[in-house]
Amino acid sequence: MDNTPAVIEKELLKKAPRRIVNRNGKWGDIAPWLILLLPHVWVAVIAPLAWLGIMANAFAAEPFAAKITNLHQGRYKNKDTYTIAYEFSVDNKVTKAHAKVDKSRFESLKDGDTITIYTARWFPWYAPRLEKDPTSMLPILAFLTVWCLIWCGAMFGIVFAVLDQPLRSKHLAKYGIPTLATVEEIRSMQGRTSKNYQILYKYEAKTVDKKTGKKITAKFNGKMTIKSMDVYEAEELKGQQVTVLIDEKSPKKSILYRFCAHQALG
């Protein structure tokens, strides 16, 4: 074990914000950001927008006059079907749509007739309907609300877990307060396809006591994910002090400078 006293790197003694670069070339560790290419993540982005559109269509729909352009009678699974095509104008923009109706309503209409439809003015093309009462949409709204909460919550948790450390690394390399931490342990965890490694450390930092409002020095435990190539070096550092960068406003947020993805310029 190296007993040389630990010192904080010179480049970290510069006044923040520091100029920083990626340790691994221009693009740095691009792998974590690939999660943004997953269609599941983009579904979580689009789903709330679709939910807002359906809610607006259900409860903020306005009446508009529409002109019937075609009536079509068909057959599906041994049942007669009745469809009307119509067009309407909102803010001088014509929108075309169609809707299924029952037999009695179908027989009461003809090409060129004017009917009233209901849709949101902001996006009239989105699911215009013939009925004013949105009661029939409530089961769909309830299902979509629960589905959006579950899906978006799960995706947010996964994306946060993947991107939290790279974002924290960039922020703290630029603005973090340097101090010393003691390396405690290196853990390995078996994932689905590979092993993940974490380095655990402890440090002291000034923080505000919630009860008294005074500044005190408190002890904190930190952990960060490291690459498999860094495990040997991390094992060699057990019991030694290394530089940790902490968030002055929230000392619980920290990262070990030696293993983070960014480096301050000297």
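Just so it is clear, the structure is predicted and the values come from calculations on it, not from any experiment. Here, residue 1 is the first one in the sequence, and each next residue gets the next number.
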List the atom of [X], the atom of [Y], and the distance in Å for their closest heavy-atom pair.
| X | Y | result |
| --- | --- | --- |
| His262 | Ile20 | CD2-CD1, 4.1 Å |
| Pro128 | Ile117 | CB-CD1, 4.4 Å |
| Val7 | Thr243 | O-OG1, 3.8 Å |
| Ile115 | Leu109 | CG2-CD2, 4.0 Å |
| Phe64 | Arg121 | CE2-NH2, 3.8 Å |
| Gly222 | Tyr203 | N-CE2, 4.3 Å |

Start with the C-alpha gap between Gln263 and Glu11, add the side-chain angles, then the distance that decides, and say whether side chain to side chain contact (heavy atoms under 4.5 Å, CB included) holds.
CA-CA 9 Å; Gln263 182 176 10; Glu11 65 267 24; 4.2 Å; yes
In a check of side chain to side chain contact (heavy atoms under 4.5 Å, CB included) between Ile246 and each of Ile177, Leu172, Ile255, which one passes?
Ile177
Do [X] and [Y] have side chains that approach each other closer than 4.5 Å (heavy atoms only, starting at C-beta)?
| X | Y | answer |
| --- | --- | --- |
| Tyr201 | Ser254 | yes |
| Thr207 | Ile216 | yes |
| Ile8 | Leu180 | yes |
| Gln165 | Met224 | yes |

If you count the non-hydrogen atoms of other residues, nucleotides and ligands that lie under 6.0 Å from [atom1] in [X], is the total more than 12?
| X | atom1 | answer |
| --- | --- | --- |
| Met189 | CE | yes |
| Trp33 | CH2 | yes |
| Glu233 | CD | yes |

Sequence neighbours excluded, the answer for salt bridge (Lys or Arg N to Asp or Glu O under 4.0 Å) partners of Glu9 is none
Just by modelled atom types, is the Ala161 backbone N or O under 3.5 Å from a matching donor or acceptor in the Asp164 side chain?
no
Could you tell me whether Lys238 and Glu235 make a salt bridge, using a distance below 4.0 angstrom between a side-chain N and a carboxylate O?
yes
Residues 76-128 vs ring pair (Phe, Tyr, Trp, His ring centres under 6.0 Å), sequence neighbours excluded, gives Tyr82-Phe106
Evaluate Thr83 against His72 for side-chain hydrogen bond (donor to acceptor under 3.5 Å, both in side chains), listing each step before the verdict.
CA-CA 5 Å; Thr83 305; His72 176 74; over 6 Å; no
